[in-house]
Amino acid sequence: MAAAEPAARKRRPKGHFAAAAGRAKRPRGGGRQLEAGMRGILITCNMNERKCVGEAYSLLGEYGDLLYGPEQFSDHEERLSGSEREEDEDDVEAALKKEVGQIRASTEQKLRRFQSVESGANNVVFIRTQGIEPENLVHHILKDMHATKKKKTRVILRMLPISGTCKAFMEDMKKYTETFFEPWFKAPNKGTFQIVYKARNNSHMSREEVIKELAGIVGSLNPENKVDLNNPQYTIVVEIIKNVCCLSVVRDYVLFRKYNLQEVVKSNKEDALQNPSSLTEEQNSKVVKPETEKEEKSSEEVKQENKNQGETEAEPKGNNALTV
């Protein structure tokens, strides 16, 4: 009797499992997921993705309208008159055509200038873009915020343009980047560069292998391309999420604080207070120099005293050094 109770408890209606499967498969990003072939903007946040998406739409919409003009929305559904809709309800064939038209109209509406899709990682939002250059838009946003020091977001941390995506396998990445890097690094174009790498929910890619292979491709496009880890002209951003590799080549990566919207609006005084290590080496050497001089003087006095005491203390020191 006791054994039958657990079995009875496990039984669920068939509809329960179907509904649960539907909820599990339904992505959070408006029915779409990040996949190879997309372009857009990768945004990191801190535990509040919903608010991050709202801030992203507001910020990107503001600067998108300035650079590209107001967005034009599809109004296909509004073109049908009332009489046409009444006729369609009575005609099956017309009703099917109406449904197809509505699907097409909804698809057109989904292909908006900015559309959030499921990124595949926590605290990461991906905004797919249509008809714009992500690197130019993000650079313009950061340039304006860096100049005005006006904070415009609370949740968004970093905002990285993604100019291209491919499958996150080494052979696919090598084939894709051979042409992807050409506008920046193929002769006669050249520049100094660095590669920054980040992988999320992916364990089959090696950071060292990816950086080595991509750096080799950049060098093969033009031998005059040189690595500069301090202040490069270009930064190659490699963001891997699951089986998708997101790529971009950005400018002013160091100046714009790794494209961090919270850091780029800070003044130099705030940086100095929060990062004391940002003092120059000359300033540090000036602070340490008087102390080192005192230490040198004290060490000379000790040496002189040792000479006055004689050579008898030298023998134990030697024996101790051997036993250590």
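All values below were derived from every heavy atom in this structure, side-chain atoms included, with hydrogens, water molecules and symmetry-related copies excluded.
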Original post:
Around atom CZ of R251, are there more than 12 heavy atoms of other residues, nucleotides or ligands at under 6.0 Å?
Top reply: no
**OP:** Go through the steps for T235 and Q194 under the test side chain to side chain donor-acceptor pair (under 3.5 Å), then give the verdict.
**Re:** CA-CA 5 Å; T235 296; Q194 68 172 347; 3.2 Å; yes
Original post:
Does some side-chain heavy atom of Y63 sit less than 4.5 Å from a side-chain heavy atom of V138?
Top reply: no
Using a 3.5 Å cut-off and no angle test, enumerate the donor-acceptor pairs between side-chain atoms of residues 53-61 and protein atoms at least two apart in sequence or in another chain.
residue	atom	partner	partner atom	Å
E55	OE1	R154	N	3.3
E55	OE1	V155	N	3.1
E55	OE1	I156	N	3.2
E55	OE2	R154	N	2.9
E55	OE2	V155	N	3.3
Y57	OH	S116	N	2.8

Subject >> Donor-acceptor contact below 3.5 Å, side chain N202 vs main chain A199 >> reply: no
Original post:
Should we say atom NZ of K152 is surrounded by more than 12 heavy atoms from elsewhere, each under 6.0 Å from it?
Top reply: yes
Original post:
Under 3.5 Å, is there a donor-acceptor pair between the Q262 and T153 side chains?
Top reply: yes
Original post:
Taking only residues two or more places apart in sequence or in another chain, which ones pass salt bridge (Lys or Arg N to Asp or Glu O under 4.0 Å) with D228?
Top reply: none
Subject >> Polar side-chain atom of N189 near backbone of P183 as donor-acceptor pair, under 3.5 Å >> reply: yes
**OP:** Please list all pairs passing the ring-ring contact (aromatic ring centres under 6.0 Å, His included) test where one or both residues lie in residues 187-214, with sequence neighbours left out.
**Re:** F169-H204, F185-F193
**OP:** Might you point out which heavy atoms bring E35 and V244 nearest each other, and give the distance in Å?
**Re:** CA-CG2, 4.0 Å
Original post:
Any side-chain heavy atom of I241 within less than 4.5 Å of one from L34?
Top reply: yes
Original post:
Tell me the side-chain hydrogen bond (donor to acceptor under 3.5 Å, both in side chains) pairs involving residues 156-166, sequence neighbours left out?
Top reply: E135-S163, R158-Y253
Original post:
So, the side chain of N225 versus the backbone of V218: is there a donor-acceptor pair under 3.5 Å, distance only?
Top reply: yes
Original post:
Do the side chains of W184 and V238 join up, straight or via other hydrophobic residues, at under 4.5 Å, putting them in one cluster?
Top reply: yes
Original post:
So, are E263 and K266 salt-bridged, with charged N and O less than 4.0 Å apart?
Top reply: yes
Original post:
In a check of side-chain contact (heavy atoms from CB on, under 4.5 Å) between L67 and each of I132, I141, N136, L137, which one passes?
Top reply: L137
Original post:
Is there a side chain to side chain contact (heavy atoms under 4.5 Å, CB included) between F181 and K186 once you walk through the steps?
Top reply: CA-CA 7 Å; F181 289 151; K186 185 177 181 179; over 6 Å; no
Subject >> Common cluster, I236/M173, ILVMFWY with side-chain heavy-atom separation under 4.5 Å >> reply: yes
**OP:** For the pair S248 (side chain) and V250 (backbone), establish whether a donor and an acceptor sit closer than 3.5 Å, ignoring hydrogens and angles.
**Re:** no
Original post:
Tell me the ring-ring contact (aromatic ring centres under 6.0 Å, His included) pairs involving residues 32-54, sequence neighbours left out?
Top reply: none
Subject >> Neighbour count above 12 (heavy atom, 6.0 Å) for K149 NZ >> reply: yes
Original post:
Is Y259 reachable from L157 through a run of hydrophobic residues whose side-chain heavy atoms are each under 4.5 Å from the next?
Top reply: no
Original post:
Distance-only, no hydrogens or angles: does the E239 side chain make a donor-acceptor pair with backbone N or O of C246 under 3.5 Å?
Top reply: no
Subject >> Set of residues satisfying salt bridge (Lys or Arg N to Asp or Glu O under 4.0 Å) with respect to E224, sequence neighbours excluded >> reply: K190
